[in-house]
Amino acid sequence: MVAAKFLLLAMAACIQATPVVTAPYAATTQWKALPIPKDKIDWTDIDMDAFKNPANWKHDGTVEKLALSAANATLSTRAALSGPCQQGDCPDYFAAFDLVYSLVAVPVQGDPPLTIFEASSAIRINDCGQCLYHKVGSTVGDFIPGGCYDYNSCGRDQQICVDPGNTRAHRIWKDLNVKTCYHMAVEYLGDCGPVKSRVVLYPDAEVACNW
């Protein structure tokens, strides 16, 4: 068991030391989650005992769909800078890509009544005349997970990874083996009904690729 642990650590060090060569495997990097300040969440009507119980958390999009249904909204419609209520498939802030985080709480009828929660992150991309949306992480609690998205746009294989805790991201064009790195701005959009917190991270500067 100890030998296996050291082997995994050695493999991880090798991957981090050669990020471009190992680009297709960048998802193995240990991305750091971003804690959400307590005042950036609407705690109104949230039972903290229920919030802390993992059994009340979903990870399959169920809660988000219930919230959308209640608001008569859809993930396919979005306006730029659209706020916490209606975020869809396309990046906000006119960005080429972003990461959107949603913390949703929906009451469910029962005896006793129950609240179910869902917290997830998705990478959104606007490229080659289309918008792509891909869930990369879900969590139990008040922090933002990151992750990677491998995709093909206009015949080009690419990868985008977002590391919320370090407010950074990278994009790799695999056909040219080119990696570009970015600093990510964090915008707390607020709350809207069952959406208790909505956060967007988007690139605001290109930086050196030192990871």
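Quick note: numbers below take in every heavy atom, side chains included, and nothing from hydrogens, waters or symmetry partners.
Pairs of residues two or more places apart, or lying in two chains, that qualify as salt bridge (charged side-chain N to carboxylate O under 4.0 Å, His left out) and include a residue from residues 131-140 are E118-K135. Residues in residues 95-108 take part in these salt bridge (charged side-chain N to carboxylate O under 4.0 Å, His left out) pairs, two or more places apart or across chains: D98-R124.
Under the side chain to side chain donor-acceptor pair (under 3.5 Å) criterion, Q158 pairs with D127, Y151, R171, W173, sequence neighbours left out. With sequence neighbours excluded, no residue forms a side chain to side chain donor-acceptor pair (under 3.5 Å) with D47. The salt bridge (charged side-chain N to carboxylate O under 4.0 Å, His left out) test applied to D45 returns no partner, not counting sequence neighbours. Among residues two or more places apart in sequence or in another chain, the side chain to side chain contact (heavy atoms under 4.5 Å, CB included) test is passed with V140 by W57, H59.
Ring geometry for W31 versus H170: interplanar angle of 30 to 60°, hence tilted. Between F97 and Y182, the two ring planes are perpendicular [angle over 60°; tilted spans 30° to 60°].
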Item to complete: Please assess V186 against L34 for the test side chain to side chain contact (heavy atoms under 4.5 Å, CB included), listing each intermediate value before the final yes or no.
Response: CA-CA 10 Å; V186 181; L34 176 66; 4.1 Å; yes
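Of the residues listed (V106, V104, I46), the one engaging F117 in a side-chain contact (heavy atoms from CB on, under 4.5 Å) is I46, and it is the only one.
Taking OH from Y101 and CG from D142, the interatomic distance works out to 6.5 Å, rounded to the nearest 0.5 Å.
Side chain of D42 to main chain of T44: a donor-acceptor pair is present (N/O by atom type, distance under 3.5 Å, no hydrogens or angles). Under the 3.5 Å distance criterion, the side-chain polar atoms of S102 are left unmatched by any main-chain donor or acceptor of R198. Of the possible polar contacts, none joining the S138 side chain to the A119 backbone as a donor-acceptor pair under 3.5 Å is found.
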